[in-house]
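Shown next, in structure tokens, is the structure this report addresses.
Reckoned from all heavy atoms, side chains included, excluding hydrogens, waters and symmetry mates.
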Amino acid sequence: MEHSTPLITTIAGGLVLAFIFGLIANRLRISPLVGYLIAGIVAGKHTPGFVADEVLANQLAEVGVILLMFGVGLHFSLKDLLSVKKIAIPGAITQIAVATLLGMGLAYGLGWDLINGIVFGLCLSTASTVVLLRALEERQLIESQRGKIAIGWLIVEDLVMVLALVLLPAITGIIQQGHSDFASLAISLGITLGKVVAFIVLMIVVGRRVVPWLLAKSASTGSNELFTLSVLAIAMGIAYGSVQLFGASFALGAFFAGMVLNESELSHRAAQNTLPLRDAFAVLFFVSVGMLFEPMTLLEQPLAVMATLVIIVLGKSIAAFLIVRLFGHSKRTALTISASLAQIGEFAFILATMGITLGVMDKEGQSLILAGAILSILLNPLVFNLIGKYLNKTETIEDQIIEEVVEEEVAQVPVDMCNHVILVGYGRVGSILGSRLHDRDIPLVVVENSLSRVEMLRERDISTVLGNAGNHEMMSLARLDCARCLLVTTPNGYEAGEIVAYARAQRPDLMIIARAHYDDEVEYISERGANHVIMGEREIAQSMLEELHLDMSLNPNKAEGCPI
């Protein structure tokens, strides 16, 4: 199909299809990432109908890689990694080695060469951070000890994949140039690593000072557009410079751009301002990856697809389970880590795409990786549920008590009160409300999903339920059935609306007060049953008017003042 505006057509078609299939995936309670990949399959040349421009899609995917890696660097937490380093570092490296060897074994059986097998195995060894975080969040495990181990494990995997993205072009170049002797190989690899180390040193020594200074200067202009532009210019500029000047990769440059930007006090604002663009291009990246998938692979190579899936879901998981148990952790922790790793995602696609570009992986391998990713992401919630049911059947009460002590997790404490106030969220707004209610001896139950906040509240003898208020079980634990009032302070207006709708359905007579940021959120929450919805901007304006009235009444003879 010929397009007079191929760039616009590719972006518009990709985003529309991604939205449709992402929405369907979300409705089916699976990761939207699967929907984005299917959108790419629909937009690709291997399926009838609309066909996007593959060359332009690949260039858009490169931008997506840069922004994805920038986001990884921006949220990289050395503190989180160091807290679980004793198990996460050796465990992740061992598991990557095992999965890579399994992938190489399958590649050998399919008749592929060594370098193709190594790249294929590495792609199967890394799990999706996006899928993992969603799974842990749904089960309130993010701040548990096993959740921290899983996240730390994936941080190590991400760092290994970044290293692989740096070394793969260098090794490929050496192989293609025909350097067969060890000395030539060592010299060429040493030069490449020297350039990369020089780039990293420059970023650590100079970047950590210059980047925060640039951000501060941009913020001081008072222009939100200039500030956002400065963040994007830093990310794209450093990524491009890392390739042109140091022979590194876009991925490495973007990752370190995010890391040095994370040093700035303005990093939170930078992350928030660039999130929509990062999300949009990340979606286009997944769509472009899906375009390369050949659906006939499922019919032509069912055994290879099944073997790939077995490596991802069983091979990696069994290796991780044995490693975690070897380090002396409980069966529950080992199974949680195993389930967390039973899928593949972003880095597998980035590495496979680079392999295709460098000519060290054929499209057959990429199709197997995509098939394995889609199927493993679909199966991941089922794996978590099966593990949960298994543990519930096999663990005794004593086992669970020991587990809570060993893992240092906070158990749910039954709420034994009525005629109380339920406060959802203990952030900036919730903490002010909660403190004032507690000081006035008003019975209070807080529903909060942050473990550190729950521990702090319980130290102050405030009844707290650990979990997401969107989970109906959490609201039951907070005794919604006999509460006096519900205060919803969560900053997400649409999430607040769902909480309000459930509470109103359970308690038609309950007083419900919620917060909102925008007019449409006010309307949405009100329609779902809130008695009052407070919007910050309106209350600020009202308070300023009240202060003005007070000042005018106290100083009626003031010569100068603000007119009302």
Side-chain angles (χ1 to χ4, degrees), residues 58-78 119 122 126 129 155-173 188-215 218 228-264 266-267 270-271 273-275 277-282 284-285 288-289 346-358:
N58 287 335
Q59 291 183 28
L60 292 170
E62 286 286 2
V63 179
V65 169
I66 291 171
L67 295 177
L68 265 173
M69 293 303 300
F70 175 65
V72 171
L74 198 58
H75 294 98
F76 176 77
S77 174
L78 188 60
V119 175
L122 282 171
T126 177
T129 307
I155 289 173
V156 176
E157 284 192 351
D158 289 353
L159 291 174
V160 172
M161 290 304 113
V162 169
L163 182 61
L165 291 171
V166 171
L167 294 178
L168 185 59
I171 294 172
T172 302
S188 298
L189 197 57
I191 291 171
T192 300
L193 288 175
K195 289 181 179 179
V196 171
V197 169
F199 169 71
I200 293 172
V201 170
L202 181 67
M203 292 301 298
I204 292 173
V205 176
V206 180
R208 290 178 64 185
R209 293 170 173 80
V210 174
V211 170
W213 176 80
L214 282 174
L215 279 185
S218 302
T228 304
L229 186 60
S230 71
V231 176
L232 294 172
I234 288 168
M236 299 295 290
I238 291 176
Y240 183 76
S242 69
V243 174
Q244 294 298 314
L245 302 177
F246 296 92
S249 65
F250 287 125
L252 181 71
F255 177 75
F256 271 92
M259 278 190 66
V260 296
L261 205 149
N262 195 21
E263 298 284 327
S264 170
L266 296 164
S267 61
N273 282 22
T274 57
L275 183 60
L277 192 64
R278 283 190 285 130
D279 284 347
F281 274 96
L284 289 174
F285 166 71
S288 72
V289 171
E346 306 89 71
F347 270 106
F349 307 144
I350 295 172
L351 193 58
T353 302
M354 179 178 282
I356 291 283
T357 304
L358 296 171

Requested in this report: Just say parallel, tilted or perpendicular for the rings of Phe199 and Phe246, cut-offs at 30° and 60°.
Outcome: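 Tilted.
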Work out which heavy atom in [X] is nearest to a heavy atom in [Y]; give both atom names and the distance.
| X | Y | value |
| --- | --- | --- |
| Gly253 | Ser242 | CA-OG, 3.5 Å |
| Leu351 | Met161 | CD2-SD, 4.2 Å |
| Ala235 | Phe70 | CB-CD1, 3.6 Å |
| Ile234 | Ala257 | O-CB, 4.3 Å |
| Met203 | Val260 | O-CG1, 3.4 Å |
| Arg278 | Leu67 | CD-O, 3.5 Å |

Query raised in the report: Taking C-beta and beyond as the side chain, do Ile238 and Phe256 meet within less than 4.5 Å on heavy atoms?
Result: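 They are not in side-chain contact.
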Report task. Taking the side chain as every heavy atom from C-beta outward, state whether Leu60 and Ser288 have any atom pair closer than 4.5 Å. Result ->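 Not touching, per the 4.5 Å side-chain cut-off.
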If you round to the nearest 0.5 Å, how far is [atom2] of [Y] from [atom1] of [X]?
| X | Y | atom1 | atom2 | answer |
| --- | --- | --- | --- | --- |
| Arg208 | Leu202 | CZ | CG | 13.0 Å |
| Leu232 | Ile66 | CG | CD1 | 11.0 Å |
| Leu168 | Leu122 | CG | CG | 8.5 Å |
| Met236 | Leu229 | CE | CG | 11.5 Å |
| Asp279 | Leu284 | CG | CG | 11.0 Å |
| Thr126 | Glu157 | OG1 | CD | 4.5 Å |

Query - side-chain hydrogen bond (donor to acceptor under 3.5 Å, both in side chains) against Thr353, all qualifying residues, sequence neighbours excluded - result: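 With neighbours one apart ignored, the set is empty.
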